[in-house]
Amino acid sequence: WVACGWFAIGSLEMYERRWTDFSFKSDSTVGYQYTTAFHWGITQFTPASMEITPTNTMERVFTSGTIFFGLLMFSTLLSTITNTTNYLRQIKIKRHTQENLVRRYMLESKVSPHL
């Protein structure tokens, strides 16, 4: 949806300057224009860069919103990974504690290790 939104904003004729005016030749196909918009969208969520930049207020607002959305998604992913790692660590600690209790009981009760 980011590529569609970026392409749509670049197609609006309400601004004198649009990113599409500087990025495409008059004979550029719609496919090339869309894949360029898609490429721009991908660069907003990765460390990659691209020569296309916003040229008016609407494009700047959309770019800022897209970057903020990407930040939220990355933060959510990082938080989920952290929580899952902590949960697995707690399970491991609990299991280790239970195993130690069983060993201690077996030693104190002099239970044969062959059982």
Review point. What is the distance from atom CD of Gln44 to atom CZ of Phe62, rounded to the nearest 0.5 Å?
Key: 9.0 Å
Check your understanding: Nearest 0.5 Å, what's the CG-CG distance between Leu88 and Asn83?
Key ->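 Separation between the atoms: 11.0 Å.
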Point to revise | Exceeds 12 heavy-atom contacts within 6.0 angstrom, atom CD of Glu16 | key: no
Point to revise | Phe74, CZ: over 12 other non-hydrogen atoms inside 6.0 angstrom | key: no
Check your understanding: Any side-chain heavy-atom pair from Arg104 and Glu108 closer than 4.5 angstrom?
Key -> yes
Check your understanding: Do Thr36 and Trp19 come close enough that some side-chain heavy atom pair is under 4.5 Å?
Key -> yes
Point to revise | Test side chain to side chain contact (heavy atoms under 4.5 Å, CB included) applied to Thr84 and Ile81, Asn86, Thr80, the passing residue | key: Thr80
**Study point:** Ile42 reachable from Ile52 in the ILVMFWY side-chain graph, under 4.5 Å edges
**Key:**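 The answer is no; the residues belong to distinct hydrophobic clusters.
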Review point. If you group Ile, Leu, Val, Met, Phe, Trp and Tyr by side-chain heavy-atom gaps below 4.5 Å, do Ile9 and Tyr32 land in one group?
Key: yes
Holding to ring-ring contact (aromatic ring centres under 6.0 Å, His included), I want the full list of residues that pass it with [X], two or more places apart in sequence or in another chain.
X: Trp40; value: Trp6
X: Phe69; value: Trp1
X: Phe38; value: none

Between [X] and [Y], which heavy-atom pair has the shortest distance, and what is it?
X: Ala3; Y: Ala37; value: O-CB, 3.6 Å
X: Ser49; Y: Thr43; value: O-CG2, 3.9 Å
X: Glu59; Y: Thr53; value: OE1-O, 4.3 Å

Review point. Do side-chain atoms of Ser79 reach the backbone of Ser75 as a donor and acceptor pair under 3.5 angstrom?
Key: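 Such a contact is absent between Ser79 side chain and Ser75 backbone.
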Review point. Is there a side-chain contact (heavy atoms from CB on, under 4.5 Å) between Arg89 and Thr85 once you walk through the steps?
Key: CA-CA 6 Å; Arg89 185 175 295 133; Thr85 303; 3.9 Å; yes
